[in-house]
Protein chains: 2
Amino acid sequence: MSTRIRSLPVIPTQPNVERCCASLQVSTLAADEAEVLARRFAALGDPVRLRLLSILATSGDGAVCACDLVEPVGKSQSTVSHHLKILREAGLVTSERRGTNIWYAAVPAALEVLRGALSPVE
Amino acid sequence: MSTRIRSLPVIPTQPNVERCCASLQVSTLAADEAEVLARRFAALGDPVRLRLLSILATSGDGAVCACDLVEPVGKSQSTVSHHLKILREAGLVTSERRGTNIWYAAVPAALEVLRGALSPVE
DNA sequence: CTCCTCTATTGACATCCATCGATATTGGGT
DNA sequence: ACCCAATATCGATGGATGTCAATAGAGGAG
């Protein structure tokens, strides 16, 4: 919650997202490709992170203040910060500082890459 | 490897797969939905399991003998069995006994459910 | 009935991970 | 300069997880 100033709900700059691997269902995954993909899927393998990502992805403004992410998931501030870090390192989320606050946004292209890995074609 | 008898490469019966959750990007995930989804994504969060799944999904015959899954991933037989169990419990894989051997197959509908959870629409 | 093969399970171990409280850091306001 | 709010980081801890060797169980072959 907090008394954040919903100043400009601008979407943080979206990073470039590289595809990394072909689809699981098209060609057999090499060991190093599997390593990269697994790391990304593992980032989705926690209910708290999934909820955080869902909140970000469904935010109409495209970005949400970190201060508004703690209460909805019911975990401590440090725990939420930890999960946001993992999501960020997996490339699923971007952050941008605005004054005291830090705004987070989902990276749709990263989700698209994971969808591609599960796709039956291409 | 082993001296398996490639008898009938029939695809094991595919189980019913329920969708469980709406897309991440459409409505905010409830805690219990996130729990279910996270368990499935976590099953993809290991490189050995991704490779096993990939081998199964790209198998022309639709099913692969467990005996042929050990060598390709370079882990012990018990470790491979462990990972196959996790994939099976996550509903991503089915198994069927044929004599001494057990044949595994991917469950495309389960991957489709996960794709749906990452989808920007619906 | 008795081997032998294939698969699953058990037990042990080391590592990773989620979580929290406490502390550091950063930036704004007065 | 000082204080306060917002985030990140640190340290500790309990629990989950990946891995293996060893063992158990299930089925065919003889």
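Because the structure is predicted, anything quoted here is derived from the model rather than measured. Chain naming here is simple, since letters A, B, ... match the order of the sequence lines and numbering starts at 1 in each.
- Side-chain atoms of B:L114 and A:L118, non-hydrogen and from C-beta on, do get closer than 4.5 Å to each other.
- More than 12 heavy atoms of other residues, nucleotides or ligands shown are found within 6.0 angstrom of CZ on A:R115.
- Distances shown here put every side-chain N or O of A:T100 at or beyond 4.0 Å from the OP1 or OP2 atom of D:dA6.
- In this structure, B:W103 places its CH2 atom 15 Å from C1' of C:dT7, rounding to the nearest Å.
- Put simply, CZ on B:R40 and CG on B:L44 are 11.0 Å apart, with the number rounded to the nearest 0.5 Å.
- Rounded to whole angstrom, the span from the CD atom of B:E89 across to the P atom of C:dT9 amounts to 9 Å.
- Between B:L87 atom CG and D:dG18 atom C1' there is a gap of 14 Å when expressed in whole angstrom units.
- For the residue pair B:T28/A:T58, the side-chain donor-acceptor check at 3.5 Å is satisfied.
- Judged purely by atom type and a 3.5 angstrom limit, B:E89 has no side-chain atom pairing as donor or acceptor with the backbone of B:I86.
- The backbone N or O of A:A106 sits less than 3.5 Å from a side-chain atom of A:Q14, completing a donor-acceptor pair.
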Quick test: give all pairs of protein nitrogen or oxygen and nucleotides 8-11 of chain D nitrogen or oxygen below 3.5 Å, distance rounded to 0.1 Å.
residue	atom	partner	partner atom	Å
D:dA8	OP1	A:Y104	OH	2.7
D:dA8	OP2	A:S81	OG	2.9
D:dA8	N7	A:Q77	NE2	3.0
D:dA8	N6	A:Q77	OE1	3.2

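- A donor and an acceptor atom, one from each side chain of B:S81 and B:S78, are nowhere located under 3.5 Å apart.
- Between the CG atom of B:D46 and the C1' atom of C:dC17 there is a distance of 14 Å, rounded to whole Å.
- Atom CD of A:E33 and atom CG of A:L37 lie 7.5 Å apart (nearest 0.5 Å).
- Look at CD1 on B:I86: it is 8 Å from C1' on D:dT17, rounded to the nearest Å.
- Shown here are the side-chain hydrogen bond (donor to acceptor under 3.5 Å, both in side chains) partners of B:S27, two or more places apart in sequence or in another chain: there are none.
- Taking for each of A:A42 and A:R97 the nucleotide of DNA chain C with the nearest heavy atom, the 5'-most of the two is the partner of A:A42.
- Under 4.0 angstrom from either OP1 or OP2 of D:dT7 there lies at least one side-chain N or O belonging to A:N101.
- In this entry the distance linking CG of B:L44 with P of D:dG18 reads 12 Å, nearest Å.
- Remark: A:V48, A:R49 in residues 47-55 of chain A come within less than 4.0 Å of DNA chain C through at least one heavy atom.
- The interatomic distance linking A:E71 (CD) with D:dA6 (C1') rounds to 16 Å, in whole Å.
- Rounded to a whole Å, the NZ atom of B:K75 is 17 Å from the P atom of D:dT17.
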